[in-house]
Engineer: 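Take a look at the following structure, please.
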Protein chains: 2
Amino acid sequence: MAIDEVFKAMADPTRRRILRMLSKGELTAGQMALEFDISGPSMSHHFNVLKHADMIRGRRDGQQIIYSLNTTVVQDAMTLFLDVFAKDETQEAPHEDSN
Amino acid sequence: MAIDEVFKAMADPTRRRILRMLSKGELTAGQMALEFDISGPSMSHHFNVLKHADMIRGRRDGQQIIYSLNTTVVQDAMTLFLDVFAKDETQEAPHEDSN
DNA sequence: GGTATATTTAGATGATTGGCTAATTATCTT
DNA sequence: AAGATAATTAGCCAATCATCTAAATATACC
C-alpha cells in the first residue's frame, strides 16, 4: 500500500463515499453508480484510483464487477494516518519518498 | 474543521511532513523551510492550506511566524478518518461537536 | 450469431494544484 | 530613516485531476 496513493485516494469526497458504502458490504459497480450523479466512466475512474491504492478489490461475477473493501485497509490506513502525527523520533519519515 | 479541507491538506507529502515536524513541537516558518527543497513562497502556500484546514496555527514573534499543530487536530482528524470506514448508517459530515 | 447489459478504456476539456520569481508587508537594528 | 531579515501575497505556468462522450470489451440471453 503506497502511502501517497492512499492519501490521494482519500482526498476526494466521492471516493470516501465509495469506501463508506463498501464498508457496509460488497456492492457492484452499477449499484454504487446509482447513488451518484456522475457518469459510469467517472465512477470507473474512482474505482481505479481506489484499486491502485489497494484499498478496494474487484472481482467479476457474470456481467458485473463486485467491489469490496480490502480487509486490511482500515488498520493499515490508520497506521499511515497516525504516523503523520507521530511524536516518536524514530519514525520521522516512515518510508515515504517525499519530494 | 472542514472535512474536505483536512483530507485535501493531508494529500500532499510536503504538508504531511510539515505536520510531522510540528507534532514534535513548535517551529518557525524559516526553520521548517530549511528542511525542504522548495522556495519560501511555496512553503508559505502549504502553511496556508494547513491553516485553512485549521490543522496548524501561526503566531508572530518579532520577525518570525511560529507555527504549531492545532492541539485538537489529531483527535478530530482521526474521527474523520474512522468515519470513512464507519459501518453505521451516518453519511459524510458527522460534525465535530464531541470532546 | 446478434443484441442487450455492465463496465472499462480512450481521448478531450476545464478546474485545481504546486511550483516558481518578483513585489510587498512587517519587524528589527543601526 | 535606511537597510537587513522573515515571511507573505500576487501573478504566472506546467502538471495533475475529475469529469464528460464515444468506443471497446466482456458476458448473458435468445
Engineer: Which pairs pass ring pair (Phe, Tyr, Trp, His ring centres under 6.0 Å) with one or both residues in residues 11-43 of chain A, sequence neighbours excluded?
Structural biologist: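 Residue pairs passing ring pair (Phe, Tyr, Trp, His ring centres under 6.0 Å), neighbours aside: none found.
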
Engineer: Taking only residues two or more places apart in sequence or in another chain, which ones pass side chain to side chain contact (heavy atoms under 4.5 Å, CB included) with B:Gln63?
Structural biologist: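 Counting only residues at least two positions away or on another chain, B:Gln63 forms no side chain to side chain contact (heavy atoms under 4.5 Å, CB included).
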
Engineer: Taking the nucleotide of DNA chain D with the nearest heavy atom to each, does A:Gly62 or A:Arg15 sit closer to the 5' end?
Structural biologist: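 Upstream on the strand: A:Arg15.
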
Engineer: Tell me the ring pair (Phe, Tyr, Trp, His ring centres under 6.0 Å) pairs involving residues 38-73 of chain B, sequence neighbours left out?
Structural biologist: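 For residues 38-73 of chain B: B:Phe47-B:Tyr67.
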
Engineer: Which residues satisfy the salt bridge (Lys or Arg N to Asp or Glu O under 4.0 Å) test with A:Glu5, sequence neighbours excluded?
Structural biologist: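 A:Glu5 satisfies salt bridge (Lys or Arg N to Asp or Glu O under 4.0 Å) with no residue once adjacent residues are dropped.
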
Engineer: Can you check salt bridge (charged side-chain N to carboxylate O under 4.0 Å, His left out) on A:Lys8 and A:Asp4, steps first, answer last?
Structural biologist: CA-CA 6 Å; A:Lys8 284 238 168 82; A:Asp4 206 71; 3.0 Å; yes

Engineer: Write out all pairs satisfying side-chain hydrogen bond (donor to acceptor under 3.5 Å, both in side chains) with one or both partners inside residues 32-44 of chain A, taking only residues at least two apart or from two chains.
Structural biologist: A:Ser39-A:Ser42

Engineer: What are the bounds, 5' to 3', of the part of DNA chain D that sits under 4.0 Å from heavy atoms of chain A?
Structural biologist: D:dC17 to D:dA28

Engineer: Following the transitive rule for hydrophobic clusters with a side-chain heavy-atom cut-off under 4.5 Å over Ile, Leu, Val, Met, Phe, Trp and Tyr, establish whether B:Val49 and B:Ile18 coincide in one cluster.
Structural biologist: no

Engineer: At under 4.0 Å between heavy atoms, which parts of nucleotides 1-15 of chain C does protein reach? Answer with one letter per nucleotide, 5' to 3': B base, S sugar-phosphate only, - none.
Structural biologist: ----BSSBB------

Engineer: What is the distance from CG of A:Asp12 to P of C:dT16, rounded to the nearest Å?
Structural biologist: 13 Å

Engineer: Return the 5'-most residue of the pair A:Asp61, A:Thr14 with respect to DNA chain D, ranking by each residue's nearest nucleotide.
Structural biologist: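 The residue mapped nearer the 5' terminus is A:Thr14.
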
Engineer: For residues 55-73 of chain B, which residue pairs pass the salt bridge (Lys or Arg N to Asp or Glu O under 4.0 Å) check, not counting sequence neighbours?
Structural biologist: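 As it turns out, the salt bridge (Lys or Arg N to Asp or Glu O under 4.0 Å) pairs with a partner in residues 55-73 of chain B, which skip direct neighbours, are B:Glu26-B:Arg59, B:Asp54-B:Arg57.
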
Engineer: For the side chain of B:Lys8, starting at C-beta, report the closest nucleotide among C:dT17, C:dG19, C:dT21.
Structural biologist: C:dT17

